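Note sheet for the following structure.
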Amino acid sequence: MHQPRTFFTGLRGRTIAAVLVAATAATLGLAGCANSDKTSATTVADVPLPTEIPAGTKLVVADQQERLQSVLRLSGELDKLPFKVEFANFIGGPAILEAFRGGAADVAPVGDVPPIHALAAGQDVPIVAAYQTSASALKLAVAPGKTATTLADLKGKKIAYAEGTAQQAAVLRALAKAGLKTGDVQLIRLQLAEFLDAVRTGQVDIAPLIEPNVTRLLRTPGTSLIPDSETTGIYGGLAYLYARRAVVQDPAKAAATRALVGAYVRAHQWANTHQDEWARRYYVDIQKVSADDAQRIVESLGTYTFPHLDQALIDRQQATIDVIDGAGELPKKVRAAGGFDLRFDAPVTQAVTESGAAFEAKAR
């Protein structure tokens, strides 16, 4: 068995910049491969998903906050993978896309919005697995001294906004639900890491937050949240695992990705059944949050369930695309169907069934 190992852990500053420069340079040399990916994208579904993993096979996983690496390792699934795994820790979807573009990474965990921007940018990175967390995990936070108790109160407000993130889609859905347009508010473009300080210091009036930042916000006197009864439906709670098209077309890497998808499901089911251990060993020990905050994070996410890779999931993704496109936030119209490899539903189904995990309910 090949032993998994980690490299580029905790990339920051110049280190990540160097990786992205290298990835961009590699893009120039791989232009022919990229064109090949696009011409083959419509025919890959006709090719059976391989199962044989030759010796020497390797996948490079572009992780974020060491999260996938940690759940795989802590659950014991990482050591069971019959191929070499290397992890590169990146900050955000755009950095991962650069690594994909240059062939420097093979597979990555991501939210539901980055794959949309990937499609709009012409990147062929099909989704191969998904999980669902609580749709109420995201809250619309209100700055001290500001009043907002309904979505209609967003009119005229300064709202923290980050393109290519689930928070972007949440803000746009909130505006649409209130019958507002982007021109009715001030979208303040920030990095996600800046949202908490921006709202609690009044640089913005509203910010979409998830735990532990929700709890941290409410420690600031005068802050509040728009009630869940108002914000129902603005956040999907959906996350994906996606890969470069060249990876799912390569027999060895496709077979390895198939095995990784099964491990991805089983590892998150382990987190479901070991919530206290997951909170302590990942959020406290690795992410260095307090024990109380770790518990709040785990509770806010709820139980991981797993959607089938099918037309229902494609339709959900298309609805998110339509929200972002309808707000004029995409350079071109894209179709969700081009961003999935439905062959991977088989290993998802097998892993969910055998691990005792639950499929995501269709009605949502």
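Remember, it's a predicted structure, so these values are computed and weren't measured experimentally.
- Using a cut-off of 4.0 Å between Lys/Arg side-chain N and Asp/Glu carboxylate O, Glu77 and Arg266 are scored as salt-bridged.
- Side-chain polar atoms of Thr215 and Glu211 form a donor-acceptor pair below 3.5 angstrom.
- Under the salt bridge (charged side-chain N to carboxylate O under 4.0 Å, His left out) criterion, Arg67 pairs with no residue at all, not counting sequence neighbours.
- A 4.5 Å side-chain heavy-atom check between Val125 and Pro115 finds every atom pair outside the cut-off.
- Under 4.0 Å is where a charged nitrogen must lie from a carboxylate oxygen, and between Asp228 and Lys139 at least one such pair does.
- The two atoms that bring Pro109 and Ala62 nearest to each other are CD-O, 3.2 Å, heavy atoms only.
- With respect to Arg244 and Asp106, a salt bridge is recorded, a charged nitrogen being found less than 4.0 Å from a carboxylate O.
- Nearest heavy-atom pair, Ser355 versus Val265, reported as atom, atom and distance to 0.1 Å: OG-CG1, 4.4 Å.
- Every salt bridge (charged side-chain N to carboxylate O under 4.0 Å, His left out) that Arg219 has, sequence neighbours left out, goes to Asp293.
- A pairwise comparison of heavy atoms in Ala152 and Leu180 identifies O-CD1, 4.3 Å as the closest pair.
- The closest side-chain donor-acceptor pair between Tyr161 and Gln168 falls under 3.5 angstrom.
- Looking only at atom types and distance, the side chain of Gln287 has a donor-acceptor partner in the side chain of Tyr282 under 3.5 Å away.
- Within the 4.5 Å cutoff, the side chain of Thr223 has no heavy atoms near those of the Val199 side chain.
- At a threshold of 4.5 Å between non-hydrogen side-chain atoms, the residues Lys181 and Leu175 do not count as touching.
- The shortest side-chain heavy-atom distance between Val110 and Tyr242 falls under the 4.5 Å cut-off.
- Interatomic distance, Thr201 OG1 to Leu196 CG, rounded to the nearest 0.5 Å: 9.0 Å.
- Taking a cutoff of 4.0 Å between a charged side-chain nitrogen and a carboxylate oxygen, Lys157 and Asp205 do not qualify as a salt bridge.
- In this structure, the side chain of Lys177 engages the main chain of Glu230 through a donor-acceptor pair within 3.5 Å.
- Hydrophobic clustering places Val289 together with Val71 (ILVMFWY residues linked when any side-chain heavy atoms are closer than 4.5 Å, directly or through intermediates).
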| said: Could you walk me through whether Gln295 and Asp292 satisfy the side-chain hydrogen bond (donor to acceptor under 3.5 Å, both in side chains) test, starting with their C-alpha distance in whole Å, then the side-chain angles of each, then the deciding distance to 0.1 Å, before giving a yes or no? | reply: CA-CA 5 Å; Gln295 194 63 38; Asp292 285 345; over 6 Å; no
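- Closest approach of Thr182 to Ala327, counting heavy atoms only: CG2-CB, 4.1 Å.
- What you find for Gly302 and Gln275 is that their closest heavy atoms are O-NE2, 4.2 Å.
- Ion pairing between a basic and an acidic side chain is recognised when a charged N comes within 4.0 Å of a carboxylate O; Arg189 and Glu329 show such pairing.
- Between the side chains of Glu360 and Thr305, at least one donor N or O sits under 3.5 Å from an acceptor N or O.
- The aromatic ring centres of Tyr240 and Tyr131 sit 6.0 Å or more apart.
- Hydrophobic clustering (ILVMFWY, side-chain heavy atoms < 4.5 Å, transitive): Leu241 and Ile314 are in one cluster.
- A donor-acceptor pair shorter than 3.5 Å can be found between the side chains of Thr320 and Arg173.
- The cluster map of Ile, Leu, Val, Met, Phe, Trp and Tyr, joined by side-chain heavy atoms under 4.5 Å apart, puts Ile324 and Leu238 in different clusters.
- Note: the hydrophobic cluster containing Phe100 does not contain Ile116 (ILVMFWY, side chain heavy atoms under 4.5 Å, direct or indirect links).
- Val185 has its side chain out of reach of Lys158: every pair of non-hydrogen atoms, C-beta onward, lies at least 4.5 Å apart.
- The salt bridge (charged side-chain N to carboxylate O under 4.0 Å, His left out) test applied to Asp197 returns Arg200, not counting sequence neighbours.
- Between His268 and Tyr264, the two ring planes are perpendicular [angle over 60°; tilted spans 30° to 60°].
- Closest approach of Ala174 to Leu140, counting heavy atoms only: CB-CD1, 4.2 Å.
- The OG atom of Ser300 sits 10.0 Å away from atom CG of Leu138, with the distance rounded to the nearest 0.5 Å.
- Taking the centre of each ring, His274 and Trp270 come in below the 6.0 Å mark.
- Under the 3.5 Å distance criterion, the side-chain polar atoms of Asn89 are matched with a main-chain donor or acceptor of Gln65.
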